[in-house]
Amino acid sequence: MRVFLLLVAFELSWAQYNPNTKPGRTSIVHLFEWRWADIALECERYLAPNGFGGVQISPPNENLVITNPWRPWWERYQPISYKLCSRSGNENEFKDMVTRCNNVGVYIYVDAVVNHMCGAAAGSGTHSTCGSYFNSETHDFPAVPYSGWDFNDWKCKTGSGEIENYGDPYQVRDCRLVSLLDLALEKDYVRSKVAEYMNHLIDIGVAGFRIDASKHMWPGDMKAFLDKLKNLSTTWFAEGTRPFIFQEVIDLGGEAIKASDYYGNGRVTEFKYGAKLGTVIRKWSGEKMAYLKNWGEGWGFMPSDKAVVFVDNHDNQRGHGAGGSAILTFWDSRQYKMAVGFMLAHPYGFTRVMSSFRWPRYFENGKDINDWVGPPSNGDGSTKSVTINPDTTCGNDWVCEHRWRQIRNMVIFRNVVDGQPFTNWWDNNSNQVAFGRGNKGFIVFNNDDWNMSETLQTGLPAGTYCDVISGQKEGNGCSGIKIQVNGDGTAYFQISNSAEDPFVAIHVDAKL
Ligand code: AAO
């Protein structure tokens, strides 16, 4: 009996690390600020046919409406209630999205903002996305309901009530993050309200959660509300499936709170990944791609099976959060494609692709003063829909990095090589590197300032392969460069340093 109980406990906690994506689908995409109606369409018309496993969505719950005079993207990180209405849509549209995406095997991961409510200076009124009344001075959120008792103010020991020092874990967990009213998650009432919200989403059919600002919650308090979560809906998932949990904890080293404090609850965001990869691809600080030979744990990252990895996220692509100017984004498209290509080819971590909107980036003294600008919107503040151009790119200022050929084809590459070991590493001791994934795929980069011309062991069966970066296999043809793999597995690669994309990727599903 004892052994059995232990096994059950192990099963339950273990399962929260599993992304629950369909077999053979290995990445999710963050469709930042997209409307639910557009996500439903994207699942059906693009994500399912191209092997994406799921979508991280922006927070779906009611939030503060900020107009000064335009609405910042970050208002969605200031909850007013757990009603499902936001700029992305209402509850019916949300349910329709989840149903339609699930029906084509693309699952939904909710950004859960449960550490706090709105900022202390939000005031009172009904300027919220469902029109619910709130009062930030009296800490009154009747639509949940939360009241003064449900916040941490009495617990915080700093003079300002704010987090003043990230070296003190008590401040980080018990005080306010940028003035956001900090929920008292030690209370069972608060835990229950959070779990009720998340269970409502599970009932609708979501597959998991990104837990915002996890660093600012005690891991034990999080465990308490996570333990209250139901298994996933059996309409789409096997009986007993636990929701996927990944916690947003920024740990670049040097602070009191470590990512490892959170491993017991689920996966954790590995912020070192994008910061380091950006530095390497930019060739800053003496870094070079040859050093990527032991990428992953060898670079001091968390264990691969705990990590969620990404090149950029919605914060650090615009100077929020952590990583600074090393972070690569769609603004640096050539290097960005290489970084995302490297991430998707490399076995480390569970991968998330970013999909952004364009904003009028404008630097003053090294800071983007338009870092607040919200999604493409109409005069009344409503979010614009994602239009699709004849060439399959997106309109209305939606960037749709996930639709860039190089990125989309590398999402497919990762699916094809899933489970294969990291093999056949080669480098020139500089910025020309190559590696394989068993006998399924091979990728070669030239990030040096000179041409590359090498014969390399690919590990692949003999034949002609279509490079999925410069083009792709189309019917029996290839719209890109063709690579000839010889009987002994070697192939000749020539990559100009001035190529549009100085990298080549081949895999067994793109064999001609
Ligand atoms: C807005 C206004 C505020 C206002 C507030 C309330 O900007 O001025 O006070 O409303 O009225 C987002 C926006 C915020 C916005 C907020 C609410 O980014 O600007 O505030 O919505 O609307 C910390 C947290 C991390 C958080 C990140 C942004 O730990 O959880 O800040 N990310 C999430 C979301 C994010 C959201 C929230 C949380 C809040 O992804 O979108 O905020 O729901 C250090 C710490 C990090 C810390 C950063 C930034 O990082 O380690 O934990 O992240 O500082 O404060 C080097 C270091 C690195 C360091 C970094 C920056 O890289 O190595 O460790 O420098 O100093």
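Both counts, for ligands and for their atoms, begin at 1 and track the order of listing.
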TODO: Could you give me the CA-CA distance, side-chain angles and deciding distance for Phe141 and Tyr146, then say whether ring-ring contact (aromatic ring centres under 6.0 Å, His included) is met?
DONE: CA-CA 5 Å; Phe141 297 89; Tyr146 287 137; 7.1 Å; no
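- The shell of residues lying under 4.0 angstrom from ligand 1, judged by heavy atoms, excludes Arg76.
- Note on ligand 1: Arg210 sits in its first shell, one or more heavy atoms being nearer than 4.0 Å.
- Asp332 has a carboxylate O that lies under 4.0 Å from a charged side-chain N of Arg282, or vice versa, which qualifies the two as a salt bridge.
- For atom 34 (C) of ligand 1, the closest non-hydrogen atom of the protein is Asp212 OD1, 3.0 Å.
- In terms of protein heavy-atom proximity, atom 24 (C) of ligand 1 is nearest to His216 NE2, 3.2 Å.
- No heavy atom of Gly324 sits closer than 4.0 Å to any atom of ligand 1.
- A salt bridge between Arg35 and Asp38 is present, with a side-chain N of the basic residue lying under 4.0 Å from a carboxylate O of the acidic one.
- The nearest heavy-atom contact from the protein to atom 31 (O) of ligand 1 is Leu177 CD1, 4.3 Å.
- Ring-centre distance between Trp218 and Tyr170: below the 6.0 Å cut-off.
- Here the protein heavy atom with the shortest distance to atom 63 (O) of ligand 1 is Leu252 CD1, 3.2 Å.
- The shortest N/O to N/O separation between Val178 and ligand 1 falls below 3.5 Å.
- The nearest heavy-atom contact from the protein to atom 41 (O) of ligand 1 is Asp315 OD1, 2.7 Å.
- Given atom 64 (O) of ligand 1, the protein heavy atom at minimum distance is Glu255 OE2, 3.2 Å.
- Salt-bridge check for Lys367 with Glu364: failed, with every basic side-chain N at 4.0 Å or more from each acidic carboxylate O.
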